[in-house]
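Accompanying notes for the structure given below.
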Amino acid sequence: TPTPAFDMVLFGGAGDLVMRKLLPSLYQAHAAGLLNEQGRILALGRKDLSRDDYLASVEKQSRIHIKSHFDDAAWQSFCSRIDYLRVDASQAADFPALAEKIGDDAGKVVVCYLATAPNLFAGICENLAAVGLNRPNVRVVLEKPLGTDLASSNEINDDVARFFQEEQLYRIDHYLGKESVQNLMAIRFANALFEPLWRREWIHDVQITISEELGVGSRGDFYDGTGALRDMVQNHLLQLLCIVAMEPPANLEADAVRDEKLKVLKALRPFAEQDVAAKTVRGQYKAGASGGQPVVGYQQENGIPAGSQTETFVAIKAEIDNWRWAGVPFFLRTGKRMQERLAEIVINFRDVPHQVFSGPLGGSHHANRLVIRLQPEESIRLYFLAKEPGDTMRLQPTYLDLDFYKAFKVRRADAYERLLLDVIRGKLALFMRRDELIEAWRWVEPIMDTWAASTNSPPKQYTAGSWGPAASSALLSRDGISWHEEC
Ligand code: BG6
């Protein structure tokens with residue numbers, strides 16, 4: 001069903017996120033007939049561009065970033081929704097023209113997507129409020145990074161809260177919009193099969209990996225002040241952990257889901273200073289190869305100061321102190337310039353209590369594992385041991401495979417498309433509530449602080465194109481296990 005009528009106001013309209021993700025996603029939704037006919041897109045930027053100039057640059061970039069078939073007719077009708085307005089987000093004087101353009105139709109949803117640097121958020125919200133654009137039908141989407149630590153995140157959230165109610169705020173984490181993440185909820189809560197096993201009695205450990213082949217690219221300046229812990233763990237990895245570990249919500253209403261996620265974040269065991277060395281690994285890539293081509297190390301990338309100690313790889317052993325998960329390690333791992341682009345959640349079930357089969361696999365560890373792939377393809381595999389055909393009792397690992405693309409031959413929406421549609425429809429369940437953000441920062445901060453203080457133990461180097469520093473494997477082997485891809 002199409003969305004309600006809307007105005008989508010894109011702050012940072014000429015920026016990378018709008019060009020690479022937001023407009024291509026809106027185009028897909030348009031081409032699929034999901035956008036209301038009364039849906040307009042208003043891109044804002046500081047440059048004095050004509051609508052035609054703006055559209056020309058959008059088309060050029062969209063042709064690169066739209067992965068599916070580019071339909072010229074659909075593109076033309078999509079463009080008729082788009083307008084460009086010169087607005088300097090920091091100038092209150094520029095906002096009355098914006099308010100006039102939007103009008104005051106209370107039946108229309110107004111989405112203000114702040115695809116700008118977070119230091120502009122407070123000013124934008126104040127300027128919007130000054131022209132009445134904080135009325136109840138206005139929603140604000142906040143892009144990460146929302147701060148660099150708990151204090152700065154609180155500051156941004158306090159500023160924004162002066163002008164908008166919490167239910168008007170959509171803090172985006174695009175990992176929650178990925179198809180497999182929602183499927184994980186379906187698997188857990190729509191099937192009776194897994195839920196009885198989804199606990200410490202039957203699960204040995206959980207592994208969550210988001211690895212990237214790319215390096216920092218042209219984002220060196222931003223990345224060096226951020227690092228993998230803030231860029232990926234504080235948000236994406238912790239959100240995935242929440243979806244795996246949360247209790248079944250009573251329904252799929254926003255607060256029912258977010259209350260359960262919050263409980264998980266609150267139950268994460270805090271890191272004491274001495275735990276950091278034992279339970280975390282930070283790494284930084286050195287020169288190596290990617291896709292068969294030689295690539296430079298992190299410190300040789302553009303914008304990275306020599307001697308930088310920013311981590312491009314993190315592995316963490318997290319623990320959740322509650323009844324369901326006591327004693328079950330959750331291993332989190334992410335890195336740039338790794339061997340493959342991969343995002344997956346691996347649930348390793350416990351071994352059988354007594355071996356009746358002999359042979360090498362008879363006593364195999366982790367005969368049963370559930371692997372939920374988010375990237376590059378979306379699939380779910382359930383591994384188990386079966387008998388090899390023929391006159392033997394030899395066991396072989398095998399799996400049941402659900403490849404979503406093969407199983408459901410329908411178009412799959414990109415994460416941003418799904419989340420943008422949710423904002424227009426007013427569905428908050430897949431957006432982070434403020435208290436989740438606070439708990440996530442609270443958990444990450446001691447790790448950050450301990451690393452920052454330990455200048456004499458810099459990040460461990462790993463070769464670009466590998467699976468990270470050797471210490472990452474060692475982190476698991478202390479528990480007698482290994483990362484899924486190393487098995
Ligand atoms: C972003 C990070 O949030 O997620 C990037 O800032 C990272 O550094 C990206 O590359 C990964 O997202 P995806 O969807 O490409 O896996």
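Note that the structure is a prediction, hence the values are computed from the model and not measured. We count ligands from 1, going down the list as the structure has it; atoms in each ligand are counted the same way.
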**Request:** Show which atoms of ligand 1 fall inside a sub-4.0 Å distance from at least one heavy-atom site of K336.
**Result:** 5 (C), 7 (C), 8 (O), 10 (O)
**Item:** Sub-4.0 Å atoms of ligand 1 with respect to non-hydrogen atoms of D231
**Value:** 2 (C), 5 (C), 6 (O), 8 (O)
**Asked** Is the distance between the ring centroids of Y113 and F11 less than 6.0 Å?
**Response** no
**Prompt:** Is it true that K144 and D231 have a side-chain N and a carboxylate O under 4.0 angstrom from each other?
**Reply:** yes
**Item:** Identity and separation of the nearest protein heavy atom to atom 15 (O) of ligand 1
**Value:** R341 NH2, 3.8 Å
**Asked** With under 30° as parallel and over 60° as perpendicular, where do the rings of F78 and H30 fit, or are they tilted in between?
**Response** tilted
**Fill in**
One finds that the ligand 1 atoms under 4.0 Å from a non-hydrogen atom of E212 are 7 (C), 10 (O), 11 (C)
**Prompt:** So, is the end of the R381 side chain (NZ or CZ) under 6.0 Å from the ring centre of Y399 and within 45° of the ring's axis?
**Reply:** yes
**Prompt:** Of the listed options (H236, M232, K178, R230), which comes nearest to atom 14 (O) of ligand 1 when hydrogens are ignored and any heavy atom counts?
**Reply:** K178
**Request:** May I ask you to decide if the ring planes of W198 and F349 are parallel, tilted or perpendicular, using 30° and 60° as cut-offs?
**Result:** perpendicular
**Prompt:** Which ligand 1 atoms, with their elements, are less than 4.0 angstrom from a heavy-atom of Y175?
**Reply:** 12 (O), 13 (P), 14 (O), 16 (O)
**Prompt:** Using the ring of each side chain (for Trp, its six-membered ring), is Y416 parallel, tilted or perpendicular to H174, with breaks at 30° and 60°?
**Reply:** parallel
**Asked** What protein heavy atom sits nearest atom 12 (O) of ligand 1, and how far away is it?
**Response** H174 NE2, 3.1 Å
**Prompt:** Does Y223 come within less than 4.0 angstrom of ligand 1, counting non-hydrogen atoms of the residue?
**Reply:** no
